Amino acid sequence: MTTLQGGLRKSVATLGRPRKATYVVLAIFVLGSMFPFYWSFLVASRDNGMLTERIPPFVPGGNFFANAARVFDTVPFWKALANSVIVSGTVTLTTVLFSSLAGFAFAKLRFKGRNGLFVFIVVTLAVPTQLGIIPLFIAMSELGWAGHLQAVIVPNLVTAFGVFWMRQYTVDAVPYELIEAARVDGCSMIRIFWNVCLPAVRPAAAILAMFTFMMSWNDFLWPLVVLDAGNPTVQVALEKLQSGYYVDYSLVLAGTTLATIPILIVFVLLGRQIVAGIMQGAVKG
Amino acid sequence: MTVIDKKIAPGGSKAGERTSPRPTFRHKLSRWDVKVSPYLYVAPFFIVFGVVGLFPLLYTAYVSLFKWKAGSDDPDFIGFDNYKELVGDGQFWNALTNTVSIFLLSSVPQIIMAIMLAALLGSRLRGATGWRVGILLPYAASLVAIGIIFANLFGPKYGLINGVLQTIGLDPVDWQASRFGSHVAIAIMVNWRWTGYNALIVLAAMQAIPKELHEAALIDGAGTWRRFWNVTLPLLKPTLIFVIITSTIGGLQIFTEPKLFDALPGSNNGGSTNQFQTVTLYLYQSAFENYNLGYASAIAWVLFVIIVLIALVNFFLTSRLAHTPAVKKK
């Protein structure tokens, strides 16, 4: 459907008014995005009998709470939830704090070796820390930390990505004049950071906080290695739920639904900011 | 000299120092503060990286030279024997082939779909943000939850996918037992999670392209497709390379999806004949199921070298592209 009116603007690829087909394709993608979540809830709200039917029912049944209750009986799910909240919360706080501090130093303070150190940080972005799990595991065992939450928290206190991200934002967001004025007033460096820099970089810090929280909440390999079944995070508990000779899918998918709800709530509330953050990072990076 | 960066009028904070003949304690403290603070602020990263990044990487290299069983007290130094064994280890080559196969099956369609989605999302949609959030939804999902859900959907007997295939008159596929089928299923899992995320990154790059370029091409008589090929795509190249590099690093380390896809839950075999065991899964199996830490460390180092090599190739590719811009800015 082409109208002559506004023909030029319309045919510019990234500016055109979309056709119906565009909405249809996007709707298919969004439905595809949501479907596995819905399926998981569907199975969780029924019993395993549903899975043997060729064409399964597409409306939820009434067993969700019963299945959810069984999750809490099978694995220490409350403990796992609390652990995940503690780990993700701590990691998010420290990552944002340390990354903002380092970002402030790299963006606004001059010191010997600054450029070299910053290049080093960028290079470490390419080092897959996952590959160091064996010595890290040995070290954690020696320290007696294996099985304890600090084994998951300490390695994630601050990330190269966080420092890089905060530095990029601080460069533009904090004017030198403001820092200088604060120094004339006799502010210490840490006060300048806290009262001048931090308020100015809050948007970037908020985005970093969301990403860090989501990443930490969903982390699997390292917690699986270093924690045990008695003291798991949510992800480890889910995996334990599934391990066994017979997989009780209503039970397991009730677990995945429970584990997904907190992150979905975060996502629904903050989706707009998360999208903006990803796109902003893409242009800057 | 440690001072606040450039652009600062020299009269500023130093004026005070000149007027007082002897530096007071306060002044000394303040100068010390300026000098030392930056190092304190960047220190946490370097401490953490040193402990959990650099040290493990080097120590992994050290461990890889031993026959090192977890729990045993005296590991034997065996030099490069672990690496020699690795070269002749069919299971390792199988895992590497699987990793590359799954990586290609996921990243190639994923990037094509991401570009397409970005083009659709770039048009002036009603409720644009809503669509973007919807597309990004899988990114928030827990990998473990998704692994379990997809393993269920692709189940050989009662899985929904096979149910649908049979309903429309096709033969069911044994997604877990067949090598290619399992790779496809795992790749679909990866794509489901990352396509929307990559689409947003490509979209951001598309929106950074100046409107004038499109309008100029349009006046020269270029149609939609021509403009896409000759204007949009060349300018997207750096972003696409970024997306390719990140998905390479992630793809080569793929672990959670194949671990959870197994018909025997909790197994690290990657299927009954290792048909979808990846390198990281084999590493995990060697270290934490067979307790062969030396051998697993050798696997880790070989994987690390492969990742670095591919990252370097991508880096040179990127810098070559950067020197030959398709459309010159002014």
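Because the structure is a prediction, the values reported are computed rather than measured.
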Legend entry - Distance-only side-chain donor-acceptor flag, A:Thr257 / A:Ser40, under 3.5 Å: yes
Inset, instruction - Using non-hydrogen atoms and a 4.5 Å limit, figure out which bit of B:Val48 sits close to chain A: side chain, backbone, both or neither. - result: side chain
Legend entry - Most chain B-contacting option - heavy-atom pairs closer than 4.5 Å, from A:Gly103, A:Pro36, A:Ala181: A:Pro36
Inset, instruction - Select one option (side chain, backbone, both, neither) describing which atoms of B:Ile47 are under 4.5 Å from chain A's heavy atoms. - result: neither
Legend entry - B:Ser37, part contacting chain A, at a heavy-atom distance under 4.5 Å: side chain
Legend entry - Per-residue contact mode, B:Trp131 against chain A (heavy atom under 4.5 angstrom): both
Legend entry - Nearest heavy-atom neighbours spanning A:Met140 and A:Pro155: CE-CG, 3.8 Å
Legend entry - Which of A:Thr95, A:Ile274, A:Val268, A:Leu253 touches chain B most, by non-hydrogen pairs under 4.5 Å: A:Leu253
Legend entry - Engaged part of A:Phe35 at the chain B interface, taking heavy atoms whose separation is under 4.5 Å: side chain
Legend entry - Contact winner vs chain A - B:Ile249, B:Thr256, B:Leu57, B:Ile307, heavy-atom pairs under 4.5 Å: B:Thr256
Legend entry - Top contributor to chain B contacts, counting heavy-atom pairs under 4.5 Å, from A:Val163, A:Leu157, A:Ile190: A:Ile190
Inset, instruction - Would you mind telling me which of A:Asp219, A:Asn156, A:Val25, A:Val158 has the largest number of heavy-atom pairs within less than 4.5 Å of chain B? - result: A:Val158
Inset, instruction - Scan side-chain atoms only and decide if A:Arg167 and A:Ser99 contain a donor-acceptor pair under the 3.5 Å cut-off. - result: no
Inset, instruction - Check B:Gly163 against B:Thr167 and note the closest heavy-atom contact, atom names and distance. - result: O-OG1, 2.6 Å
Legend entry - Part of B:Thr280 within contact of chain A (heavy atom distance under 4.5 Å): side chain
Legend entry - Part of A:Ala21 lying under 4.5 Å from any heavy atom of chain B: neither
Legend entry - Taking every non-hydrogen atom, the tightest pair across B:Ala199 and B:Ala118: O-CB, 3.5 Å
Legend entry - Aromatic A:Phe111 / basic B:Lys35 pairing, under 6.0 angstrom, 45° off normal: no
Legend entry - Under 4.5 Å from a heavy atom of chain B, the part of A:Leu117 involved: both
Inset, instruction - With a 4.5 angstrom heavy-atom cut-off, could you sort out which part of A:Ala160 is near chain B: side chain, backbone, both or neither? - result: both
Legend entry - B:Met113 atom CE, neighbour heavy-atom count above 12 within 6.0 Å: yes
Legend entry - Partner chain B: residue of A:Val266, A:Ile133, A:Thr124 with the largest heavy-atom pair count (under 4.5 Å): A:Thr124
Legend entry - Engaged part of B:Phe304 at the chain A interface, taking heavy atoms whose separation is under 4.5 Å: both
Legend entry - Within 45° cone and under 6.0 Å: A:Arg114 NZ/CZ vs A:Phe106 ring: no
Inset, instruction - Using the six-membered ring wherever Trp is involved, compare the ring planes of B:Trp225 and B:Phe228 and label them parallel, tilted or perpendicular (cut-offs 30° and 60°). - result: perpendicular
Inset, instruction - Sort A:Thr159 into side chain, backbone, both or neither according to what part of it lies under 4.5 angstrom from a heavy atom of chain B. - result: backbone
Inset, instruction - Answer with side chain, backbone, both or neither: which region of B:Ala287 has an atom nearer than 4.5 Å to a non-hydrogen atom of chain A? - result: side chain
Legend entry - Proximity breakdown for B:Ser30 and chain A, heavy-atom pairs closer than 4.5 Å: both
Legend entry - Among B:Tyr62, B:Tyr139, B:Phe150, residue most engaged with chain A (heavy-atom pairs, under 4.5 Å): B:Tyr139
Inset, instruction - Decide yes or no for B:Phe288 and A:Leu224: does some side-chain heavy atom of the first lie under 4.5 Å from some side-chain heavy atom of the second? - result: no
Inset, instruction - Taking the six-membered ring for Trp and the full ring for Phe, Tyr or His, determine whether the centres of B:Trp301 and B:Tyr295 are under 6.0 Å apart. - result: no
Inset, instruction - Measure the shortest side-chain to side-chain distance between B:Tyr41 and A:Leu109 over non-hydrogen atoms and say whether it is less than 4.5 angstrom. - result: yes
Inset, instruction - Determine, for B:Lys259 against A:Glu239, whether the closest basic-nitrogen to carboxylate-oxygen distance falls under 4.0 angstrom. - result: yes
Legend entry - Which portion of B:Phe49 sits near chain A, non-hydrogen atoms under 4.5 angstrom: side chain
Inset, instruction - Compare every heavy atom of B:Ala217 with every heavy atom of B:Arg227, then report the nearest pair and how far apart it is. - result: CG-CB, 3.6 Å
Inset, instruction - Go through the atoms of A:Leu264 and report whether side chain, backbone, both or neither lie under 4.5 Å from a heavy atom of chain B. - result: side chain
Legend entry - chain A contact via B:Leu120 - side chain, backbone, both or neither, heavy atoms under 4.5 Å: both
Inset, instruction - Go through the atoms of A:Phe137 and report whether side chain, backbone, both or neither lie under 4.5 Å from a heavy atom of chain B. - result: side chain
